[in-house]
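Note on naming: letters A, B, ... go to the chains in the order of the sequence lines (proteins, then strands), and numbering restarts at 1 for each one.
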2 protein chains.
Amino acid sequence: MQKKFNTADLNLTIEQWSVLYHLWKEDGISQQDLCQATFRDKPSMTRLVDNLEKAGLVKRSASKTDRRKNLITLTEKAKAIQDTCHGFASETVDEALAGVRDADIEVCKVVLKQVYENLK
Amino acid sequence: MQKKFNTADLNLTIEQWSVLYHLWKEDGISQQDLCQATFRDKPSMTRLVDNLEKAGLVKRSASKTDRRKNLITLTEKAKAIQDTCHGFASETVDEALAGVRDADIEVCKVVLKQVYENLK
DNA sequence: TTTAATTGGTTGTCAAAACAACTATATGCC
DNA sequence: GGCATATAGTTGTTTTGACAACCAATTAAA
């Protein structure tokens, strides 16, 4: 997927995409929310948002109800690349799972979820 | 596993461990060999070996048959922690796979291998 | 209500990954 | 032998992750 991004001159890292992915589902959420959604700690999110902001893809704005919070909102530039990115994502999934039986994918998901729980 | 290393004051990263892991199997191999074994590129290995050398766990020495090559050899310090590390590794695997059926683990491995091949 | 604990976010440091550019040695070919 | 190419390793830059320490705002408790 990173290679697809690079080839298309999207100038977007997978990590940045993973943040945009959640904002495309729900815009204007806090950094903390994004931490939970993407399984990252707060410092990592601060820097990811820093870089996304530098790239002109998101904007930070203070929450009116809780002055500690930054609400992260998508710019037009970010909205413009949503469909392209979604396309690359589903292409990649298709390529990755070619020739794998659905039932086996399900088993795999269950196993990995269990491992995640076991180590949490 | 990283947490186990930290708790035991081993001062070892998982990445460094992954290099030692292969050296414990076969000592005195080149950085290139380690690249292949650990799926890393050359610059990553240069720095991993740098840090392992700083930590007094490996030593670089010039190959006599090919002056381009560094042969990486384990120090006594590294040999001394082999059993401890192996213990932590198998403990971690046991914890991770608790309650997962063997057959499902096998399916999972096959699926992931296929995905790896598909994306290679 | 004033202090204590929690939550949201930032900064600093170190280790690592990806990628490009580079040097030095080896090897293949004419 | 001499040149092109391949191989082994290093250095530089950028982005990220883990962790500790910190500040500010909010909430809970005495």
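Contact annotation: Arg60(B) side-chain N/O to dT10(D) OP1/OP2 distance is under 4.0 Å. Here Arg40(B) reaches the OP1 or OP2 of dA17(C): one of its side-chain N or O atoms lies under 4.0 Å away. Contact between the side-chain N/O atoms of Thr13(A) and the OP1/OP2 oxygens of dT14(D) is not found at any separation under 4.0 Å. Side-chain nitrogen and oxygen atoms of Gln32(B) include at least one within less than 4.0 Å of the OP1 or OP2 phosphate oxygen of dA8(D).
Looking at every heavy atom in both residues, Leu12(A) comes nearest to Phe5(A) through O-CD1, 3.5 Å. Considering all non-hydrogen atoms of both residues, Gly28(B) and Leu23(B) come closest at N-CD2, 4.3 Å. The shortest heavy-atom contact between Lys69(B) and Ser30(B) is CD-CB, 4.2 Å.
In this structure, the side chain of Thr38(A) does not engage the main chain of Val19(A) through any donor-acceptor pair within 3.5 Å. With hydrogens and angles ignored, the 3.5 Å screen pairs a side-chain donor or acceptor of Gln2(B) with a backbone N or O of Ile14(B).
Of the residues near DNA chain C, Arg68(B) and Ile14(B), the one whose nearest nucleotide (by heavy atom distance) lies more toward the 5' end is Ile14(B). Ranked by how close their nearest DNA chain D nucleotide is to the 5' end, Asn6(B) and Lys54(A) are led by Lys54(A).
Ranking dT13(D), dA16(C), dA18(D) by closeness to the Ser44(A) side chain, first place goes to dA18(D). When the nucleotides dA8(D), dG9(C), dG12(C) are ranked by their closest atom to the side chain of Gln31(A), dG9(C) comes out on top. Here the side chain of Arg67(B) is nearest to one of dT26(D), dT25(C), dA8(D), namely dT25(C). Closest to the side chain of Asp41(B), out of dA18(C), dT16(D), dA17(C), is dA18(C). In the set dA17(C), dT11(D), dA26(C), dA17(C) carries the atom at the smallest distance from any side-chain atom of Glu15(B).
Within the nucleic acid shown, Asn51(B) comes within 4.0 Å of sugar-phosphate atoms alone, with no base atom in reach, counting heavy atoms only. Backbone-only contact: Asn70(B) has heavy atoms under 4.0 Å from sugar-phosphate atoms and none from a base. Counting any heavy atom pair closer than 4.0 Å across all strands shown, Thr46(A) reaches a base atom. Backbone-only contact: Gln16(B) has heavy atoms under 4.0 Å from sugar-phosphate atoms and none from a base.
Taking atom CG on Asn11(A) and atom P on dT14(D), their separation rounds to 13 Å, with Å as the unit. Atom CG of Leu12(B) and atom P of dA16(C) are 9 Å apart (whole Å). Nucleotide dG12(C) holds its P atom 12 Å from the CG atom of Asp50(A), rounded to whole Å. As rounded to whole Å, 17 Å separates atom C1' of dA18(C) from atom CZ of Phe39(B). Rounded to whole Å, the distance from NZ on Lys64(B) to C1' on dT25(C) is 18 Å. Leu48(B) has its CG atom 14 Å from the C1' atom of dG9(D), to the nearest Å. Rounded to whole Å, atom P of dG9(C) lies 10 Å from atom CD1 of Ile29(A). Following rounding to the nearest Å, Gln2(A) (CD) and dA18(C) (P) show an atom-to-atom distance of 10 Å.
Between the base of dT16(D) and the side chain of Arg47(A) there is no donor-acceptor pair shorter than 3.5 Å. With hydrogens and angles left out, the side chain of Lys69(A) and the base of dG8(C) share no donor-acceptor pair within 3.5 Å.
Under the 4.5 Å side-chain criterion, counting only non-hydrogen atoms from C-beta, Ser18(A) is in contact with Arg40(A).
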